[in-house]
Asks: 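Dumping the structure here so I can ask a few things about it.
So you know, we letter chains A, B, ... as the sequences are listed, proteins then strands, and number each from 1.
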Amino acid sequence: MHVTLPDGKQLDLPQGATALDAAKAIGPRLAADALAATANGDLVDLMTPLPEGASITLITKKNPADAAPVFRHSLGHTLSQAVGEFYGRKGYPREAVKRGVGPSIENGFYQDFDLPEPLKEEDLPEIEAIMREIIGRNLDITRADVGKAAALEQFAYDPYKVELISELPDDEPITFYTQGDYVDLCRGPHFPNTGRLPGAFKLMSTSGAYWRGNEKNPILQRVYGVAFATQKELDEYLHNLEEAKRRDHRKLGRELELFTIDPLVGKGLPLWLPNGTILREELTRFLREQQFQRDYQGVVTPNIGNLDLFRTSGHYQNYSDSNFSPITVDDEQYMLKPMNCPFHVRIYASKPRSYRDLPVRLAEFGTVYRYEQSGELNGLTRVRGFTQDDAHIFARPDQLKTEFLSVLDLTVLVLKTFGLNDVRFRVGTRDPESDKYVGDPAQWARAERQIIEAVEEVGLPYTVEPGDAAFYGPKLDFVVKDVLGREWQLGTIQVDYNLPERFDITYTGEDGQDHRPVMIHRAPFGSLERFVGILIEHYGGDFPLWLAPRQIMIIPIADRHNAYAETLASEFKAVGMRVEVDDSTNRMNAKVRSAELNKIPVMLIVGDQEEARREVSVRERTPEGHKERKGVAFTDLLAELQERYRTRA
RNA sequence: GCUCUUGUAGCUCAGUGGUAGAGCACUCCCUUGGUAAGGGAGAGGUCGUCAGUUCAAUCCUGACCAAGAGCUCCA
């Protein structure tokens, strides 16, 4: 057989040769340094026969990060082996530890176990130490093909492995990987020797996980680890974790008094405190302005509606699991609204519509209620009652693409305003295999095509995810990366041919006949709760001036300056800015510290010098620390801050 | 919803089978100060809730409530 090397050279090798054979054929140094390889772009290990004619590259200790999924997988095995030894030392037989799956994942690996007694977090350092011992033993990792019968016999004690093996085809060989006395059923790939595994790993946590992810199955104990090619990367990762903790919106939400969640009110039902309410109001004001420019019309609809409304829309039938139970009043049933669209459809239907009226764009900051599983609730990012920046566009089919593009444009503008420049789009399309979708497949295909055309026109990266559509139509989700590189799903745009059908809404066309409009559902923020939660973490609580709940703190140096401070404050208030005077009996240093801790972006320090000349001394928070300007004329500063607020700079 | 962990003052957290402590925040007094903590005093808790064991429970047991991590889910 032959393989092709990166420089285009062909290499002749005996049949069944592995990447290690290829490396040896090139040179002994390379063979000694090799860790893994790629064949036709896929990661492979050094022990597996290469496919005939493959283009291969070798991964060596010079670029170990390229083999990250491989060493993470091998570390997973090493974890598995270490846990076996850990229970062995406690006196359990080796059969007592049963194993689920253990793949490599982003940044690390995990392994599921069925253990004779639960593993505690305190045990992790000891297990990690055993892992390092195993690495120190320099065990060769070998690969072997075994027949199905022999495989079943070898793992007879482990029902999970038996289940996995049973499902493999009868005629194909089953691969085992062995390191020392540890053997596991595994497809690979793996490192050639435990001694080559990087030391930059750490066991992080344990948790429960259902066998094969199905909640009807037994729960296994999962151990998570992170692993990198170098200590530097591991340190960076751990530092980012710390940073994420520091920015946690639940923590900042409490410290900055943005919101609270009170068990007496109900879980998943956040209370917006005065400071958080300012954030919300600034966001809605911003979006209202943008929507006004784009000819949206505001509407307001109630929080509950007749059950028949939701029967007609299909929400009652299709989402029965995640609706709040209906409320019976007199002889009628009502439901808390899980979506605003049925109400907007009825507003559309409230009068005859001409083709000249379309598109009709109805917008509402509408609060909806969904019964999320209690384990899913999380701060502001996953709640049971939330306000969508919702709008529904009723358009003629020929207007769909223009409207869709205009919505995309608005969305990109919104995200850029918050410095969320790293955006990708996810097109959720229908899974032809599934029957959860309603409507005509031809219409689906048309809508999917139009979405993809629109996204391509905008030129931003996108992926297509079959099976990710809503039941009534394809959708486009926006996924942004925040400053820490974490991905968040924000708003969504959905094309809907179904609801107009279900509610039988029409418009009169040029031809005098009734025609069916198409609907676009869209929410650039998604929900205000979630968006604010993400913004808190994105900014780490350091909001730009226009969003900051507390914009300006005036700090009199001594209390004889309080009156002057108050006159300045009233001028800021007159132009609608949020200002306070710190007239506490603290010293100035403590006042500065307090304003810093409260992340107030602008501090104005006023003493004798400032008062005499109607000046202020400005201290502003910056990402690097702070910036001071002394002897600034107050009228200039007022104009400057007012302009920054107005332009949302 | 499931598994595990946690629940002590507004916040962060010590602690004990004999009904509780620190720091910060808060209130008051002194201090009138120049860019991240001046000093002193005081107030503040049914130790998540309800049962049980015990002479005695914040501590042990159970149930419930809530939170956290993970799994499953997300129009």
Asks: Check whether any side-chain nitrogen or oxygen of A:R250 sits under 4.0 Å from OP1 or OP2 of B:A69, and answer yes or no.
Replies: yes
Asks: Pick base, sugar-phosphate or nothing for A:R222, based on heavy-atom distances below 4.0 Å to the nucleic acid.
Replies: sugar-phosphate
Asks: Do A:F394 and A:H344 have ring centroids that are under 6.0 Å from one another?
Replies: no
Asks: For A:F543, is the NZ or CZ atom of A:K599 found under 6.0 angstrom from the centre of its six-membered ring and inside 45 degrees of the ring axis?
Replies: no
Asks: Answer yes or no for A:R99 and A:F113: cation-pi contact, defined as NZ/CZ to six-membered ring centre under 6.0 Å and angle to ring axis within 45°.
Replies: no
Asks: Counting heavy atoms not belonging to A:E167, are there more than 12 under 6.0 Å from its CD?
Replies: yes
Asks: Starting at the 5' end of RNA chain B and moving along, which residue's nearest nucleotide shows up first, A:A469 or A:Q221?
Replies: A:Q221
Asks: Can you give me the N/O atom pairs linking the protein to nucleotides 28-33 of chain B at distances under 3.5 Å, or say none if there are none?
Replies:
| residue | atom | partner | partner atom | Å |
| --- | --- | --- | --- | --- |
| B:U32 | O2' | A:R560 | NH1 | 3.3 |
| B:U32 | O2 | A:D559 | N | 2.9 |
| B:U32 | O2 | A:D559 | OD1 | 3.2 |
| B:U32 | N3 | A:D559 | OD1 | 2.8 |
| B:U32 | N3 | A:D559 | OD2 | 2.8 |
| B:U32 | O4 | A:D559 | OD2 | 2.6 |
| B:G33 | N7 | A:I557 | O | 2.1 |
| B:G33 | N7 | A:A558 | N | 3.1 |
| B:G33 | O6 | A:D559 | N | 3.3 |

Asks: For the residue pair A:W488 and A:E537, establish whether any side-chain heavy-atom pair is separated by less than 4.5 Å.
Replies: yes
Asks: Do A:F634 and A:F572 have ring centroids that are under 6.0 Å from one another?
Replies: yes
Asks: By nearest heavy atom, map A:C341 and A:D248 onto RNA chain B; which one lands nearer the 5' end?
Replies: A:D248
Asks: For B:A9 and B:G48, measure between their P atoms and round to the nearest Å.
Replies: 8 Å
Asks: A:N323 near the nucleic acid: base, sugar-phosphate alone, or nothing, with a heavy-atom cut-off under 4.0 Å?
Replies: base
Asks: Distance check: side-chain N/O of A:K630 vs OP1/OP2 of B:G34, anything under 4.0 Å?
Replies: no
Asks: When you compare the ring of A:Y319 with the six-membered ring of B:A75's base, are the centres less than 5.5 Å apart and the planes under 30° from each other?
Replies: yes
Asks: Could you tell me which residues satisfy ring pair (Phe, Tyr, Trp, His ring centres under 6.0 Å) with A:Y160, sequence neighbours excluded, listed by chain and number?
Replies: A:W211
Asks: Starting from the C-alpha separation in whole Å, work towards a yes-or-no answer on salt bridge (charged side-chain N to carboxylate O under 4.0 Å, His left out) for A:R424 and A:E487.
Replies: CA-CA 10 Å; A:R424 70 184 173 86; A:E487 286 205 328; 3.0 Å; yes
Asks: What's A:R254 touching, base or sugar-phosphate or nothing? Going by heavy atoms closer than 4.0 Å.
Replies: sugar-phosphate
Asks: Check whether the side chains of A:D112 and A:Q221 place a donor and an acceptor atom closer than 3.5 Å, and report yes or no.
Replies: no
Asks: OP1, OP2 of B:A75 versus side-chain N and O of A:N498: anything below 4.0 Å?
Replies: no
Asks: Output a table of nitrogen or oxygen pairs between the protein and nucleotides 64-66 of chain B separated by less than 3.5 Å.
Replies:
| residue | atom | partner | partner atom | Å |
| --- | --- | --- | --- | --- |
| B:A66 | OP2 | A:K267 | NZ | 3.3 |

Asks: For nucleotides 44-51 of chain B, list the nitrogen or oxygen atoms of the protein found under 3.5 Å from its nitrogen or oxygen atoms, one pair per line.
Replies:
none

Asks: Whether A:S374 contacts B:G1 is assessed here as follows: a side-chain N or O lying under 4.0 Å from the phosphate OP1 or OP2. Is that the case?
Replies: yes
Asks: Round to the nearest Å and state the distance from A:Q373 atom CD to B:C74 atom P.
Replies: 9 Å
Asks: Could you check how far CG of A:L377 sits from P of B:A69, rounded to whole Å?
Replies: 12 Å
Asks: Taking the ring centre of each residue, are A:F525 and A:F531 less than 6.0 Å apart?
Replies: yes
Asks: Let me know the distance between CD1 of A:I493 and P of B:A75, rounded to the nearest Å.
Replies: 16 Å
Asks: Can you list every side chain to side chain donor-acceptor pair (under 3.5 Å) pair that touches residues 257-267 of chain A, not counting sequence neighbours?
Replies: none
Asks: Give A:Q317 one of three labels, base, sugar-phosphate or nothing, depending on what nucleic acid heavy atoms sit under 4.0 Å from its own.
Replies: nothing
Asks: What's the verdict on salt bridge (charged side-chain N to carboxylate O under 4.0 Å, His left out) for A:E243 and A:R246, showing C-alpha distance, side-chain angles and the deciding distance?
Replies: CA-CA 5 Å; A:E243 186 63 17; A:R246 196 177 69 73; 2.7 Å; yes
Asks: Rounded to whole Å, how long is the line connecting atom NZ of A:K627 with atom P of B:A36?
Replies: 17 Å
Asks: Flag yes if more than 12 heavy atoms outside A:R212 fall under 6.0 Å of its CZ atom; otherwise flag no.
Replies: yes
Asks: Check whether any side-chain N or O of A:Y371 sits under 4.0 Å from OP1 or OP2 of B:A75, and answer yes or no.
Replies: no
Asks: Name the nucleic acid region contacted by A:Q494, choosing base, sugar-phosphate or nothing; use a 4.0 angstrom heavy-atom cut-off, strictly under.
Replies: sugar-phosphate
Asks: Please work out which of the three classes, parallel, tilted or perpendicular, describes the rings of A:Y472 and A:H521, given edges at 30° and 60°.
Replies: parallel
Asks: Find the runs of at least 3 consecutive base pairs, i with j, i+1 with j-1 and so on, that include RNA chain B, using Watson-Crick or G-U wobble geometry with both distances under 3.5 Å.
Replies: B:1-7 with B:65-71, B:10-13 with B:21-24, B:26-30 with B:38-42, B:48-52 with B:60-64
